[in-house]
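Written below as structure tokens is the structure these notes are about.
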Amino acid sequence: MTAKNDPSRRDFLASSMKAAAITGLATAAARAAASARGPAIAVSAGPTPRKIGPDDKIRFGLIGIGSRGQGLLDVLLRQKNISVKALADLDPNNRKAAIEKVKAATGETIDVYTEPEDYKNKLLARDDIDAILSATPCWLHGPVYLACFAAGKHFYGEKPMCIEANEADALVEAQKKNPKVVGQIGFQRRASKLYIEGIKRIKEGEFGDLIDGRAAWNNYWGPIGRPGEGARIWLGRRKSSGDWMLEQACHSWDVISWVTGEMPVAASGVGRRDVFKEMDPQRDVTDYYIAHLVYKSGLTVDFEHSWICPHKDDGKFTGVFERFAGSKGGISFGEGSMYWRDPSMPPEQIKVDDGDHTVRAIESFLNSVRTGAPNVCTTETSRLATYTGLLVRKAVDERRWVKIEELL
Ligand SMILES: NC(=O)c1ccc[n+]([C@@H]2O[C@H](COP(=O)([O-])OP(=O)(O)OC[C@H]3O[C@@H](n4cnc5c(N)ncnc54)[C@H](O)[C@@H]3O)[C@@H](O)[C@H]2O)c1
């Protein structure tokens, strides 16, 4: 990431803020609209899931089985004592691929639902399904996961947990009202030994009081959600993806809120929604932005998110990381490297057999369903990531400092 004292960055920020002061005033109406949160969503206790013994089959239903869903299904089908009963998806090619995978792995012929509301009215209404694997476009996450709680079905549902504040609050409430349902959100880093160990060391004070956080999600492999990608254009539409602050940066917010245990108190940001307009005039996601987040403890986090990185840059522009430095030293997640303020201490490396985070996350979910072991990625922690995304999105939209109270 660009050094904080880099003059070009300071100039950029200063001029951006000046522009924001002018254009920001003109967007009062947009601000009022953006801050509107939906009404509270009522939730209630659903049926209690059946008890599943260590050798019983967990019977699955699949909801949304596109690019990510196929990958999750591959992992699921490699696990022991799994059965797949049915799927709901709108896309014939994705349905066909999933049907064939299940047939090849378990020998089962599964029931298939094809209409938008079938996941709720037909699939979740079945008595012979214990758990759901779901990877729909982001706007559907809140409705699908609320419906899972209402139907008493455990679920592994992709991130972000949802893209609306009222849904995030309702999902936390729904989990409280349905304590036996395992509702795990797909922030797979939560199941990573490397991250778990790094977070433990932070909490034990090895790096002192945290002062400086830096995180980034900088890609060259985009943009995704282009015309020509069929229904996957949803990724280029804010209404269905929530924009990158919800769809993709939610992974970073989740790690940061794991470290802090709380939401930021405020955020500021600037960005560009026009960088791929020539390719797709209707594209309205923020393909480049930077943001700053401030926490109650005094930690500040500097964040970059870009889809415009050049290829073959040897990591000069690209990279996904979360780094934290405190009074005694710093840690870089991802590689698990640790560095110290004491010049006599050499850098260290967290050495764990980390494996594939998604595999670990699915294994952890199945274990929670069977044994009641704590869920590694709950609605409560995932709510922090949704709120952080909404906060940063508002700050970038309005080019100003936004306090979290404005969303609560
Ligand atoms: N955890 C991760 O690392 C990770 C990685 C990639 C994607 N994701 C998340 O996975 C989700 C899916 O992303 P994707 O790239 O697979 O998208 P995709 O468009 O490839 O797949 C979405 C699927 O949902 C289906 N769908 C849409 N509406 C539906 C409905 N009403 N009922 C049932 N199915 C419906 C579509 O037909 C499609 O098959 C997103 O939320 C994304 O953020 C997570």
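Numbering of ligands and ligand atoms starts at 1, following listing order. Numbers here simply count residues along the sequence, with the first being 1.
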Fill in: Pair Arg68-Thr358, side-chain donor/acceptor within less than 3.5 Å
yes

Fill in: Per-atom contacts of ligand 1 with Asp91, taking only distances under 4.0 Å to non-hydrogen atoms
37 (O)

Worksheet, complete the sentence: Atoms of ligand 1 under 4.0 Å from any heavy atom of Gly186, numbered from 1 in the order shown, are 1 (N)

Worksheet item: Counting heavy atoms only, which of Ser241, Cys250, Pro137 comes nearest to atom 24 (O) of ligand 1?
Response: Pro137

Item to complete: Only pairs at least two apart or in different chains count here, so list each ring pair (Phe, Tyr, Trp, His ring centres under 6.0 Å) that has a residue in residues 166-189.
Response: Phe187-His251

Item to complete: Evaluate the ring planes of His305 and Trp217, with Trp represented by its six-membered ring, and classify them as parallel (under 30°), tilted (30 to 60°) or perpendicular (over 60°).
Response: tilted

Response to the item:
One finds that the ligand 1 atoms under 4.0 Å from a non-hydrogen atom of Ala88 are 33 (C), 34 (N)

Worksheet item: In terms of side-chain geometry, is the basic nitrogen of Arg237 or Asp280 positioned less than 4.0 Å from the acidic oxygen of its partner?
Response: yes

Worksheet, complete the sentence: If we number the atoms of ligand 1 from 1 as shown, the ones under 4.0 Å from a heavy atom of Glu247 are 42 (C), 43 (O)

Discussion item. Checking a contact table here: which protein heavy atom is nearest atom 21 (O) of ligand 1, and how many Å away?
Written reply: Gly66 CA, 3.3 Å

Item to complete: Could you check atom 3 (O) of ligand 1 against the protein and tell me its nearest heavy-atom contact, residue, atom and distance included?
Response: Gln188 NE2, 2.9 Å

Worksheet item: Using 4.0 Å as the upper bound for N to carboxylate O, is an ion pair formed by Lys394 and Glu398?
Response: yes

Item to complete: Give the atoms of ligand 1, by number and element, whose distance to some non-hydrogen atom of Trp234 is under 4.0 Å.
Response: 13 (O), 17 (O), 18 (P), 19 (O), 40 (C)

Worksheet item: Side chain or backbone of Leu140 under 4.0 Å from ligand 1, or both, or neither, by non-hydrogen atoms?
Response: side chain

Discussion item. Looking at Glu322 and Arg214, is any side-chain nitrogen of the basic one under 4.0 Å from a carboxylate oxygen of the acidic one?
Written reply: no

Practice prompt. Look only at interatomic distance and state if Asn94 has a nitrogen or oxygen under 3.5 Å from any nitrogen or oxygen of ligand 1.
Written response: yes

Item to complete: For ligand 1, note which part of His251 has a heavy atom under 4.0 Å away: side chain, backbone, both or neither.
Response: side chain

Worksheet item: Between Arg383 and Asp169, does at least one N-O distance fall below 4.0 Å, as a salt bridge requires?
Response: yes

Fill in: atom 44 (C) of ligand 1 - nearest protein heavy atom and its distance
Glu158 OE1, 3.2 Å

Item to complete: Among all protein heavy atoms, pick the one closest to atom 12 (C) of ligand 1 and tell me residue, atom and distance.
Response: Ala135 O, 3.4 Å

Practice prompt. Can you pull out the closest protein heavy atom to atom 31 (N) of ligand 1? Residue, atom name and distance to 0.1 Å, please.
Written response: Pro116 O, 3.1 Å

Worksheet entry | Qualifying residue, where the test is side chain to side chain contact (heavy atoms under 4.5 Å, CB included) with Tyr145 and the options are Ile185, Thr379, Ile63 | Ile185

Discussion item. Quick test: of every protein heavy atom, which one is nearest to atom 14 (P) of ligand 1, and how far off is it to 0.1 Å?
Written reply: Arg232 NH1, 3.5 Å

Worksheet item: Is Arg273 salt-bridged to Asp397, cutoff N-O under 4.0 Å?
Response: yes

Worksheet item: For ligand 1, which part of His141 has a heavy atom less than 4.0 Å away: the side chain, the backbone, both, or neither?
Response: side chain

Response to the item:
Atoms of ligand 1 under 4.0 Å from any heavy atom of Cys138, numbered from 1 in the order shown, are 41 (O), 43 (O)

Worksheet item: In the protein, which heavy atom is nearest to atom 4 (C) of ligand 1, and how far is it?
Response: Arg68 NE, 3.3 Å

Practice prompt. Among Tyr295, Phe303, Trp244, Trp258, find the one that has a ring-ring contact (aromatic ring centres under 6.0 Å, His included) with Trp253.
Written response: Phe303

Worksheet item: Hey, are Arg238 and Asp243 close enough for a salt bridge, meaning a charged N less than 4.0 Å from a carboxylate O?
Response: yes

Practice prompt. Salt-bridge test for Glu108 and Lys57: reply yes if a basic N is under 4.0 Å from a carboxylate O, no otherwise.
Written response: no

Practice prompt. Nearest heavy atom to atom 36 (C) of ligand 1 wins, so pick from Leu87, Asp89, Leu90, Thr136.
Written response: Asp89

